[in-house]
Amino acid sequence: MEKAAYRQADDLGRIFLSLKKQMGVDFSAYKETTLLRRIQRRMALHRIDKVNQYARFLRDNKKEIEALFDDLLINVTRFFRDKQLFRALKKRFLPALFKNKGKDRQPELRVWVPGCATGEEVYSLAICILEALGSRLSKIRIQIFGTDLSESVIEHARAGIYPSAIEKDVSRARLKRFFAKRDSSYQIHRNVRDTCTFARQNITADPPFSRLDMISCRNVLIYLSPELHKRCIPQFHYALNPDGYLILGPAESVGLYDELFELVDKKNKIYAKKNVATPHGVNLAPHQGLGLGRARERSTFPDSAAVNAQLLQMADRIMLGVYAPAAVVIDRDLHVQQFRGRSDLFLEHTPGPATLNLLQLVRPSLVPDLRSTIQRAIKTDKPARKERALVKLKGRDYEINIEAVPFKVSASEKPWFLVIFDETTKGNKLEKLPRVLGKMAAQRDVTELRRELFASKESLQAIIEEQEATNEELKSANEEIESSNEELQSTNEELETAKEELQSTNEELTTLNEELSNRNLEMMQLTGELNNLLASIQMPIVMVDGALTVRLATPAARSAFNILPTDIGRPLSELRPNIDVLDLEEILRDVIETLGTRERKVTDKEGRQYSLRVRPYRTTDNKIDGAVLTLIDIDGTKERDTAKTGNRMKDVSSRK
């Protein structure tokens, strides 16, 4: 089994190498199950059973490489997919972005849709933004970028032409306002297309766009491996503005990067960017796009204001490093966001996995006091202070003050905390506590033990409250999981019922197909018998329908009525029959209306006499649907009768 798996991986590697050489895209880090399913589909089309055979077939077939590339790029999209999402954007998130943009001198709303396929998602967002702006359209510039790996789908998206099937996803009002009807298709109006820019881009290899307010990457990450997630999610964080939003698909999440994004709409999977540093180790060179070349040129020649700002920043940094106390900036989850000053006397990295949790970084003797102080600041939303906290360093005891100050920033609604480690002595260095002998030392020890006990009680109470809150969250999550499980069971039952209905319908269709096949055979047999019968009857017969168009004609009728095989379906009035009947149409209409039978003697151009009989055409359900014309050769009948009489006379004379 292991050898077979290795062989398959090797064969897939050769397929990915062929794709990379010709198309320039490396699929080796994409989800193998999805890729293998698409490859097996191409193999079935070419009737190839083994992956190694298909790899050899692919190596020398450029057209098949292009076809496989198009199949691997799953272009499943439509207009206004997940309408609840667009309602949430229109009512809550877009107004918040517009409000923030109102503070800018030249407001610009920038949106990026990676994996845009044929552009429906891009144009849906553009329409939603235009509707949300309303009369403020002229005040904000809109720029939406749509990118995809396939150049063909990008060209389709640029044209903005879609079939009439979009009517089921787009309302009539939107079709009338944002689309132009063209025969059996619709095209996006020019004013909407002008806000959208499409380009070929690989989000796993190319640099991202920058200064974005929103990224809609729905149902793209589900096809990427966790390794590619580690590249894409930090890229999205880097590309967004501080108040930007990231939209993912229903089955997607930011995974291990929850410290970069906050889930603000669980139902629609909308994340807000956290104001934290983007992780290092990822190539985050911005994709400048259009119109950013001048900005790059200007940045190489900073003006005097920029120089003064940098000087002030460096001076502040030096002052804070020399004179300010050690401090850290943390969030509500006690994760360190920034280190301020010399904190090595209070913080240390313990052996094991790396962490930024303050309680795991601080020295063990400070944990109880630090935890209780921060919890008081969180509860009261006011600064909390703990004086004369003990810290042990290299066998010596030192006293410090701990202060937790809550604050907020305009770019985020989250609470932040500045934890300050302040020295109690006047000197720059912490002094060793003097040892007091005798009774005073004993009293001091008792006081310190009581203080430590009180701090331990507060810390324990804080831990209990945190544990209770965690238990409540776990209960809520468990209830959600149980609800999801019930929904999945209900969906499974519905699918089973639908499967049974489909099987029943399939059996009915199979039976109906057999009946139709039998009917078809019977009709073919009857048609053959009727054709033989008409061919054997040497009599001109013509059938017309209610509109007096030729329905059927025997071979003998071709000469009498001058009808060719191609004249079937033509009106009888357009034909020029060889018989002399001026009121033929009147006779036919009279027979159809009165349901009677008409008979008349007529002659052809050669002077031969015929008996023309016209009868109504009756269907199997006894309805009148035209007429039947029959010609009987009178002269031929007389000649045959005369010949028969002469033969009889000869027989009588011979007998005598």
Side-chain angles (χ1 to χ4, degrees), residues 73-98 109-137 140 142-148 150 153-182 184-198 212-223 236 244-252 263-271:
L73 302 180
I74 303 171
N75 300 318
V76 179
T77 183
R78 66 175 188 273
F79 280 97
F80 297 99
R81 182 176 49 177
D82 300 333
K83 295 183 179 180
Q84 292 181 352
L85 167 66
F86 288 94
R87 283 196 293 267
L89 290 176
K90 194 173 179 181
K91 291 182 179 179
R92 177 182 173 187
F93 297 100
L94 287 176
L97 289 175
F98 297 154
L109 185 69
R110 292 166 61 87
V111 182
W112 179 26
V113 183
C116 67
T118 48
E120 287 90 336
E121 179 85 5
V122 177
Y123 290 125
S124 298
L125 283 172
I127 292 172
C128 185
I129 293 171
L130 293 175
E131 290 177 343
L133 275 174
S135 60
R136 296 175 294 172
L137 179 60
I140 298 179
I142 303 171
Q143 196 167 12
I144 305 177
F145 302 99
T147 62
D148 199 275
S150 175
V153 298
I154 288 296
E155 291 295 332
H156 187 180
R158 287 195 187 106
I161 300 175
Y162 302 95
S164 59
I166 66 172
E167 294 174 352
K168 65 180 181 180
D169 297 321
V170 185
S171 64
R172 292 185 179 179
R174 283 172 170 165
L175 287 173
K176 185 177 180 181
R177 179 180 176 185
F178 300 105
F179 292 80
K181 180 72 172 178
R182 292 190 174 185
S184 60
S185 61
Y186 290 92
Q187 186 175 26
I188 302 288
H189 276 169
R190 185 75 183 184
N191 60 341
V192 182
R193 282 185 285 143
D194 288 343
T195 64
C196 304
T197 302
F198 295 94
L212 298 171
D213 299 292
M214 184 183 297
I215 298 176
S216 178
C217 184
R218 296 201 290 159
N219 299 330
V220 175
L221 297 180
I222 58 176
Y223 302 110
F236 296 155
Y245 296 106
L246 171 65
I247 306 173
L248 299 181
E252 298 171 333
L263 184 61
V264 294
D265 190 334
K266 184 177 181 181
K267 190 173 184 180
N268 296 306
K269 286 296 180 70
I270 301 178
Y271 293 83

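Treat the numbers as computed from the prediction; the structure is a model and nothing was measured.
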Legend entry - Minimum side-chain heavy-atom gap Arg92-Val264 below 4.5 Å: yes
Legend entry - Derivation of the side chain to side chain contact (heavy atoms under 4.5 Å, CB included) call for Val122 and Phe198: CA-CA 9 Å; Val122 177; Phe198 295 94; 3.8 Å; yes
Inset, instruction - Indicate yes or no: at least one non-hydrogen side-chain atom of Val111 is less than 4.5 angstrom from one of Asp213. - result: no
Legend entry - For the student: nearest non-hydrogen atoms of Ile154 and Gly146, plus distance: CD1-O, 4.2 Å
Legend entry - Nearest-0.5 Å distance that lies between atom CG in Leu263 and atom CD1 in Ile270: 9.0 Å
Legend entry - Heavy-atom side-chain contact between Leu248 and Leu246 under 4.5 Å: yes
Inset, instruction - Just jot down the ring-ring contact (aromatic ring centres under 6.0 Å, His included) partners of Phe178, sequence neighbours excluded, or say none. - result: none
Inset, instruction - Answer yes or no: is there a donor N or O on one side and an acceptor on the other, between the side chain of Arg110 and the main chain of Ile142, under 3.5 Å? - result: no
Inset, instruction - First locate atom CH2 of Trp112, then atom CE of Met214, and finally report the distance between them rounded to the nearest 0.5 Å. - result: 14.5 Å
Legend entry - Heavy-atom pair with the smallest gap, counting every atom of Lys90 and Cys128: CB-SG, 4.0 Å
Legend entry - Set of ring-ring contact (aromatic ring centres under 6.0 Å, His included) partners for Tyr271, sequence neighbours left out: none
Legend entry - Heavy-atom check, side chain of Pro114 versus side chain of Ile215, under 4.5 Å: yes
Legend entry - Phe145 side chain near Val113 side chain, heavy-atom distance below 4.5 Å: no
Legend entry - Carboxylate-amine/guanidinium proximity below 4.0 Å for Glu167 and Arg172: no
Legend entry - Heavy-atom side-chain contact between Ile166 and Leu175 under 4.5 Å: yes
Inset, instruction - Could you tell me the separation between the NE2 atom of His189 and the CD1 atom of Ile127, rounded to the nearest 0.5 Å? - result: 10.0 Å
Inset, instruction - Return yes if some donor-acceptor pair links the side-chain N/O of Glu252 with the main-chain N/O of Ile222 below 3.5 Å, else return no. - result: yes
Legend entry - Modelled atom types, side-chain donor and acceptor of Thr118 and Glu120, under 3.5 Å: yes
Legend entry - Distance in Å, Leu89 CG paired with Leu97 CG, rounded so as to fall on 0.5 Å steps: 9.0 Å
Inset, instruction - Check Cys196, Cys116, Ser216 against Leu125 for a side chain to side chain contact (heavy atoms under 4.5 Å, CB included) and give me the one that passes. - result: Ser216
Inset, instruction - Using atom types as modelled and distance alone, determine if a side-chain donor or acceptor of Asp148 lies under 3.5 Å from a backbone N or O of Ser150. - result: yes
Inset, instruction - Using a 4.5 Å cut-off on heavy atoms from C-beta on, say whether the side chain of Ile129 contacts that of Leu109. - result: yes
Inset, instruction - Go through the side-chain N and O atoms of Asp265 and Asn268 and say whether any donor and acceptor fall under 3.5 Å apart. - result: yes
Inset, instruction - Return the set of residues passing side chain to side chain contact (heavy atoms under 4.5 Å, CB included) with Lys176 (not counting sequence neighbours), or none when no residue passes. - result: none
Inset, instruction - Mind checking side chain to side chain donor-acceptor pair (under 3.5 Å) for Asp169 and listing every partner two or more places apart, or none if nothing turns up? - result: none
Inset, instruction - Kindly say whether the aromatic ring centers of Phe79 and Tyr162 come within a distance under 6.0 Å. - result: yes
Inset, instruction - Could you grab the distance from atom OG of Ser164 to atom OH of Tyr186, nearest 0.5 Å is fine? - result: 7.0 Å
Inset, instruction - Assess Arg87 against Phe80: is NZ or CZ under 6.0 Å from the centre of the six-membered ring, and within 45 degrees of the ring's axis? - result: no
Inset, instruction - Can you sort out the partners of Glu155 under salt bridge (charged side-chain N to carboxylate O under 4.0 Å, His left out), two or more places apart, ordered by chain and number? - result: Arg158
Legend entry - With sequence neighbours excluded, residues passing side chain to side chain contact (heavy atoms under 4.5 Å, CB included) with Arg81: Thr77, Arg78, Glu121, Arg218, Asn219
Legend entry - Minimum heavy-atom distance Tyr123-Ala157, with the two atoms named: OH-O, 2.6 Å
Inset, instruction - Could you tell me whether the side chain of Lys269 reaches within less than 4.5 Å of the side chain of Ile247, counting heavy atoms only? - result: no
